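Chain naming here is simple, since letters A, B, ... match the order of the sequence lines and numbering starts at 1 in each. We use all heavy atoms of the structure for the numbers below, so side chains are in, but hydrogens, waters and symmetry mates are not. Owing to the predicted nature of the structure, the values given are computational and were not obtained by experimental measurement.
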2 protein chains.
Amino acid sequence: MPGEGPPSGTVPGWACEGPGASGKNRRVCHAAARLEMGSLWEEFNRLGTEMIVTKAGRRMFPTFQVKLSGLDPSADYVLLMDFVPLDDKRYRYAFHSSSWLVAGRADPAAPGRVHFHPDSPAKGAQWMRQIVSFDKLKLTNNLLDDNGHIILNSMHRYQPRFHVVLVDPRRDSERFAHENFKSFSFPETQFMAVTAYQNHRITQLKIASNPFAKGFRDGEPEPW
Amino acid sequence: MPGEGPPSGTVPGWACEGPGASGKNRRVCHAAARLEMGSLWEEFNRLGTEMIVTKAGRRMFPTFQVKLSGLDPSADYVLLMDFVPLDDKRYRYAFHSSSWLVAGRADPAAPGRVHFHPDSPAKGAQWMRQIVSFDKLKLTNNLLDDNGHIILNSMHRYQPRFHVVLVDPRRDSERFAHENFKSFSFPETQFMAVTAYQNHRITQLKIASNPFAKGFRDGEPEPW
DNA sequence: CTCTTGGCACCTAGGTGAAAATGT
DNA sequence: ACATTTTCACCTAGGTGCCAAGAG
């Protein structure tokens, strides 16, 4: 079942350990990211988060947002996201039992794309100043999309991933690429891509928490 | 009367002339700015452009937009605007003659503020890539404004000014400040600050050309 | 009288899920 | 049957000029 995992957001092995060539650049190894709206993500995750994908592209809700710390204030960084398949399966939803069932092997993988945060590149000080929000990121199921959106297979599970990349001013910076980035995965943000919501409780939670989804708010009844 | 002046946008004296300490940094002296929507600005200017100022802050229309060239693609620049009084007078509008009359000396000058383009700082290559638009800039008549808006006196005339500032990485860069910027004034963008439109033809032109102003467009009559 | 303020109806622009239509 | 596409009413968010009322 979807959703379980450690509450940490740091991929093991990226710590600033020891000397030698295997370490990370000191300007990225102390980077830390705290997921915003964590309790909302967890609420969705308990039900099994679903994200709509459309031909034109649909935003995620909740929006993926992080608070950064530990960057070098005066160094340049690029921030980006990608999405990794959580398994090699295709799913379908059993309405009678309100649960997801494996429906076979995964479809051919969609073109792997990344989404650069539109403010990239920017100084560490700028990134740490306020919450970094990926609200321009859109998900699509159109394999031929030419709007630069993230392409996903519907009825497949994904794990959002967040990357902090140091802009290395050195010549031959490609040769140091492996030590110039740090990645973060928050298990509570994993989701099932769908073209229409399957679990009614997900629909209800979206309506209750997304201001753009219609519906009366907060016990406010219609005006008489 | 408002509106006359040379069609050039370059302030004389900023050219890259000669040797010696009086010149500009080579990374700014070749900078050039072309005003976008020039014909619309001129159309307004012929009538005597008016810009609304409100307590909450009002955008300019037309929006001040420029196309930049001649920057060093890899150098960092800050782009900003300020507004200089065109004279020391206060005006009033004579409806019967449809003309502006001098109504006395200028009120005490409003706090001088500048508006940094929100993408600042950025590389020359980034600034030159597309049109730079100051559509976040707002004008207010609130002397105590704390939203960072440009404060102007109503019934006074102003000349918008645009500045390209090189971010100088050298220590003691303050000592070179005078040679690290280049300024542009487009006479066709001068305007009268008002709290309500005075010239009806200005109102009509705003409605006809600003998508946010209501009114039927393009001879399209109401549905039947 | 001249000028300013605040509410408001009416726009643009674009993010929602519902539901019907269309595949497969 | 299951999944996708399309359309649409209904939102948020915010930029307009208008007009009545207020302030000097």
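Note on ring orientation: taking the six-membered ring where Trp is involved, the planes of Trp100(A) and Tyr91(A) are perpendicular (angle over 60°, cut-offs 30° and 60°). Ring pair His117(B)/Trp127(B) is perpendicular by interplanar angle, where above 60° counts as perpendicular and below 30° as parallel. Relative orientation of the Phe95(A) and His200(A) rings is perpendicular, given thresholds of 30° and 60° on the angle between their planes. Taking the six-membered ring where the residue is Trp, Phe186(A) and Phe184(A) present parallel rings, their angle staying beneath 30° rather than reaching 60°.
For the helix from dC1(C)-dG24(D) to dT24(C)-dA1(D), the angle separating the two terminal helix axes comes to 0°, with each axis derived from five pairs and the value rounded to 10°.
Scanning for side-chain contact (heavy atoms from CB on, under 4.5 Å) contacts around Thr195(A) gives Val53(A), Asn141(A), Ser154(A), with sequence neighbours left out. Qualifying side chain to side chain donor-acceptor pair (under 3.5 Å) partners for Ser39(A), counting only residues two or more places apart in sequence or in other chains: none. Residues satisfying the salt bridge (charged side-chain N to carboxylate O under 4.0 Å, His left out) test with Arg59(A), not counting sequence neighbours, are none. Judged as a side-chain contact (heavy atoms from CB on, under 4.5 Å), and not counting sequence neighbours, Pro108(A) has no contacts. Legend: residues meeting salt bridge (charged side-chain N to carboxylate O under 4.0 Å, His left out) with Glu42(A), ordered by chain and number and at least two apart, are absent.
Other residues, nucleotides and ligands contribute more than 12 heavy atoms inside 6.0 Å of the CE atom of Met128(B). Around OH of Tyr197(B), the count of heavy atoms belonging to other residues, nucleotides or ligands within 6.0 Å exceeds 12.
Residues in residues 65-83 of chain A take part in these salt bridge (charged side-chain N to carboxylate O under 4.0 Å, His left out) pairs, two or more places apart or across chains: Arg27(A)-Asp72(A), Asp76(A)-Lys123(A), Asp82(A)-Arg161(A). Among pairs with a residue in residues 129-145 of chain A, those fulfilling salt bridge (charged side-chain N to carboxylate O under 4.0 Å, His left out) read Arg113(A)-Asp145(A), at least two apart in sequence or across chains.
Going from atom CZ of Arg90(B) over to atom P of dC3(C) covers 7 Å, rounded to whole Å. Distance Tyr93(A) OH to dA1(D) C1': 17 Å, rounded to the nearest Å. Glu50(A) has its CD atom 16 Å from the P atom of dT16(C), to the nearest Å. The CG-C1' distance, from Asn199(A) to dG17(C), rounds to 15 Å in whole Å. Regarding His149(A), its NE2 atom lies at a distance of 13 Å from the C1' atom of dG14(C), rounded to whole Å. Remark: P of dA3(D) and CZ of Phe95(A) are 8 Å apart, rounded to the nearest angstrom.
The side-chain heavy atoms of Phe162(A) and Leu79(A), taken from C-beta on, include a pair separated by under 4.5 Å.
Looking only at atom types and distance, the side chain of Asn153(B) has no donor-acceptor partner in the side chain of Asp107(B) under 3.5 Å away.
A heavy atom closer than 4.0 Å to some atom of DNA chain D occurs in no member of residues 102-112 of chain B. Residues of residues 81-89 of chain A having a heavy atom closer than 4.0 Å to DNA chain C: none are found.
Between dT5(C) and Asn141(B), a contact under 4.0 Å exists linking OP1 or OP2 to a side-chain N or O. Distances shown here put a side-chain N or O of Ser154(B) below 4.0 Å from the OP1 or OP2 atom of dT4(C).
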Would you give a per-nucleotide map of nucleotides 15-24 of chain D, 5' to 3', where B means the base has a protein non-hydrogen atom under 4.0 Å away, S means only the sugar-phosphate does, and - means neither?
-> BBBS------
Distances for protein N/O vs nucleotides 19-24 of chain C N/O pairs under 3.5 angstrom?
none

